Undergrad: 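Can you read through this structure? Questions will come right after.
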Amino acid sequence: MRADKTELFERTPVPQAVAKLAIPTILSQLVVLVYHLADSIFVGRTGDPNQMAALTLAFPVYMLVTGLANLFGIGASSLISRSLGVKDAATASRTSTFSFYTALACAILMSLALALGMTPLLNLLGASPDTLGYTSGYLFYVMVLGAPPTVAALVLSAHIRSEGRTKEASFGVTLGGLLNIFLDPLFIFMLRMDVAGAGLATMLSNCVSLAYYILILCRLRGNTVLDFHPSHYRPERGMVKEVLLVGFPAACLILLGSTSNAVLTRLASGYSDIAVAAFGVTQKIGDMAKQVGIGLTQGIMPLIGYNFASGNRKRVRETLRLAFVSVLVFGVVFVVVAELLAPQLVGLFIPNAATVELGAAYLCRWILCTPSMCLVLLLNSVFQSMGLWKPSLLLTFLRQICIYIPLLFLMNRLLGQFGLMWCAPIVDTAALVLGLLFYRHTTRKQAAPL
């Protein structure tokens, strides 16, 4: 690893180090958000709630891609950063090779499975005759064809970021995002592909991001520990175990979240396709805050992992305190803005009056989860960066399976469709309390910071 990266991790003042690592990542996540919003906004311009509902139905399926990428990307990046912290470049190199090719193989299997079972799966998620065709068309491009390049690009981005090269990692995401925004109207309107055009635009954009990351790694050859030569693929028990144990909670965060999201979508579909569309818009607006939280937490993970492994507890503590305050302030401000401008925000996505009215009512309830949701994301990332997989996995399991899904059924029965929207604030508040208790217990046991 270059001397300037060692300087950044070990001696640069914490606020400056966090800014250099996190700001590019936050900006790239905002670009990711913009191009996901672009899908919804351009599809919403069709004025067809069925096509908006199709995006909502497809979302938990598409999140399987992110879950798989987290399993190998987050798991590997944590081990790479910690290996660099103890000057073990060989382990970092082997980890990068193993995680990339294993993730790619799993993505190919995922694509084949979805191609064979798409219709039964979508029927299970609550697709109606009016939305089934739209949803299948979108998923054909983003999953059946797009899962392998998307997973590969996300894993490479995590690897590059683990060395502290957040600018290079972020630019690849930005490049794909900007291309997606340009291609959406071309495919949706000019070629009249409707929502399937948004899927094709996303797939091609992710292919471009992957090509960029491959080019970067070729240019860095000899100046990086990352290695992607197929002949160097040698899984070792200890390394594989470490990657999977740390990556599994990160994957579960997405996969279990996708499961609870699918349950919520299924329950909402019992009211109307407009309810599904309104929830989809609410979710997209909430993603604005979520992506900022993800950007900050992913940006600081290499800094925390490196210094935790090298024993610099003071530096880890300073990083965490700065991140905690930043996330909390951002979350509160976001809630205030969303509450004041709910109808206008929903109206940006779709001009349908019934969807705007219902979506604004949904948003004012659901958005209250923002501060606690972002702080839970931060705690999970801290556990992962330190290689502490048990509290991360337990927190994710309790939040999504033991609390969220049962609460969805209870609130739906007691308060109907608006009860569904109150579940997120309740669950994320409970998860934050649990996360802080886990952190206090675990870090005392590990002699870690705070």
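Given the structure is predicted, the values throughout are model-derived calculations rather than measurements. Below, all heavy atoms of this structure are taken into account, side chains as well, without hydrogens, waters or symmetry copies.
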Undergrad: State, with a plain yes or no, whether a side-chain heavy atom of Phe100 is found less than 4.5 Å away from one of Leu156.
TA: yes
Undergrad: Contact between Phe228 and Thr97 at the side-chain level, heavy atoms closer than 4.5 Å - yes or no?
TA: no
Undergrad: With sequence neighbours left out, write down each residue that passes side chain to side chain contact (heavy atoms under 4.5 Å, CB included) with Leu377, or none if nothing qualifies.
TA: Leu253, Lys290, Ile294
Undergrad: Arg161: which residues meet the salt bridge (Lys or Arg N to Asp or Glu O under 4.0 Å) condition with it, sequence neighbours left out?
TA: none
Undergrad: Does the side chain of Ile80 come within less than 4.5 Å of Leu226's, by heavy atoms?
TA: yes
Undergrad: Only one of Leu407, Leu408, Leu398 forms a side-chain contact (heavy atoms from CB on, under 4.5 Å) with Val427, so which one is it?
TA: Leu407
Undergrad: Would you find more than 12 non-hydrogen atoms of other residues, nucleotides or ligands less than 6.0 Å from Phe182 atom CZ?
TA: no
Undergrad: Phe42: which residues meet the ring pair (Phe, Tyr, Trp, His ring centres under 6.0 Å) condition with it, sequence neighbours left out?
TA: none
Undergrad: Which value, rounded to the nearest 0.5 Å, describes the distance between Phe72 atom CZ and Thr95 atom OG1?
TA: 12.5 Å
Undergrad: Applying side-chain hydrogen bond (donor to acceptor under 3.5 Å, both in side chains) as the test, list every pair that has at least one member in residues 146-156; sequence neighbours left out.
TA: Thr150-Asn206
Undergrad: How close do Gly126 and Leu57 get, heavy atom to heavy atom, and via which atoms?
TA: C-CD2, 4.1 Å
Undergrad: Residues two or more places apart in sequence or in another chain: which of them pass side-chain hydrogen bond (donor to acceptor under 3.5 Å, both in side chains) with Ser260?
TA: Gln400
Undergrad: Do Gln51 and Leu55 come within less than 4.5 Å of each other through their side chains, counting heavy atoms only?
TA: no
Undergrad: Which atoms form the tightest heavy-atom contact between Gly435 and Phe383, and what is the distance?
TA: O-CZ, 4.1 Å
Undergrad: For atom CZ of Phe248, is the number of surrounding heavy atoms from other residues, nucleotides or ligands below 6.0 Å larger than 12?
TA: no
Undergrad: For the atom pair CZ (Phe140) and CE (Met118), what is the distance rounded to the nearest 0.5 Å?
TA: 8.0 Å
Undergrad: Could you tell me which residues satisfy side-chain hydrogen bond (donor to acceptor under 3.5 Å, both in side chains) with Asn380, sequence neighbours excluded, listed by chain and number?
TA: Ser392
Undergrad: By side-chain hydrogen bond (donor to acceptor under 3.5 Å, both in side chains), which residues pair with Thr131, not counting sequence neighbours?
TA: Ser128
Undergrad: Rounded to the nearest 0.5 Å, what's the gap from CG on Leu104 to OG on Ser99? Could you check?
TA: 11.0 Å
Undergrad: Got Phe279 and Met421 here, is their nearest side-chain heavy-atom distance under 4.5 Å?
TA: yes
Undergrad: Sequence neighbours excluded, which residues qualify as side-chain hydrogen bond (donor to acceptor under 3.5 Å, both in side chains) partners of Ser111?
TA: none
Undergrad: Please, which pairs that meet side-chain hydrogen bond (donor to acceptor under 3.5 Å, both in side chains) have at least one residue in residues 68-81, sequence neighbours excluded?
TA: Ser78-Arg82
Undergrad: Mind checking the CG-CG spacing from Leu139 to Leu145? Nearest 0.5 Å is all I need.
TA: 11.5 Å
Undergrad: Report yes if some heavy atom in the side chain of Leu204 is under 4.5 Å from a heavy atom in the side chain of Asn180; otherwise report no.
TA: no
Undergrad: If you define the side chain from C-beta out and look only at heavy atoms, does anything of Leu79 sit under 4.5 Å from Met239?
TA: yes
Undergrad: Step by step, would you call Val263 with Phe409 a side chain to side chain contact (heavy atoms under 4.5 Å, CB included)?
TA: CA-CA 9 Å; Val263 172; Phe409 286 101; 3.9 Å; yes
Undergrad: Output every pair passing salt bridge (charged side-chain N to carboxylate O under 4.0 Å, His left out) with a member in residues 394-422, not counting sequence neighbours, ordered by first then second residue.
TA: Arg399-Asp428
Undergrad: Where the side chain of Thr319 meets the backbone of Ile304, is there a donor-acceptor pair that is under 3.5 Å apart?
TA: no
Undergrad: Judged by atom type as modelled, is there a donor-acceptor pair below 3.5 Å linking the side chain of Asp194 to the main-chain atoms of Ala196?
TA: no
Undergrad: Assess whether side chain to side chain contact (heavy atoms under 4.5 Å, CB included) is satisfied between Arg192 and Phe187, documenting all intermediate values.
TA: CA-CA 6 Å; Arg192 302 184 182 277; Phe187 293 144; over 6 Å; no
Undergrad: Show every donor-acceptor pair shorter than 3.5 Å between a side-chain atom in residues 356-371 and any protein atom, with sequence neighbours excluded, or say none if there are none.
TA:
{"residue": "Tyr362", "atom": "OH", "partner": "Gln417", "partner atom": "OE1", "Å": "2.6"}
{"residue": "Arg365", "atom": "NH1", "partner": "Ala361", "partner atom": "O", "Å": "2.8"}
{"residue": "Thr370", "atom": "OG1", "partner": "Ile367", "partner atom": "O", "Å": "2.8"}

Undergrad: Could you tell me the separation between the CD1 atom of Ile214 and the CG atom of Leu210, rounded to the nearest 0.5 Å?
TA: 4.0 Å
Undergrad: How far apart are the C-alpha atoms of Ile188 and Val195, what are their side-chain angles, what is the distance that settles it, and do they pass the side chain to side chain contact (heavy atoms under 4.5 Å, CB included) test?
TA: CA-CA 6 Å; Ile188 294 171; Val195 69; over 6 Å; no
Undergrad: Donor-acceptor pair, Thr224 side chain versus Leu220 backbone, under 3.5 Å?
TA: no
Undergrad: Which atoms form the tightest heavy-atom contact between Arg266 and Ser269, and what is the distance?
TA: O-OG, 2.6 Å
Undergrad: Report the distance from atom CG of Leu109 to atom CG of Leu114, rounding to the nearest 0.5 Å.
TA: 13.0 Å
Undergrad: Do His159 and Tyr213 have their ring centres less than 6.0 Å from each other?
TA: no
Undergrad: If you take all heavy atoms of Gly117 and Pro120, which pair is closest and at what distance?
TA: O-CD, 3.4 Å
Undergrad: Provide the full list of salt bridge (charged side-chain N to carboxylate O under 4.0 Å, His left out) pairs with a residue in residues 105-127, sequence neighbours left out, each pair given once.
TA: none
Undergrad: Ignoring hydrogens, what is the shortest heavy-atom contact between Val43 and Ala198? Give both atom names and the distance.
TA: CG2-CB, 4.2 Å
Undergrad: What is the minimum heavy-atom distance between Tyr62 and Met143, and which atoms define it?
TA: CA-SD, 3.8 Å
Undergrad: Yes or no on side chain to side chain contact (heavy atoms under 4.5 Å, CB included) for Leu379 and Leu432, after CA distance, side-chain angles and deciding distance?
TA: CA-CA 8 Å; Leu379 286 171; Leu432 177 59; 4.1 Å; yes
Undergrad: Can you find a pair of side-chain heavy atoms, one from Tyr138 and one from Val142, that are under 4.5 Å apart?
TA: yes
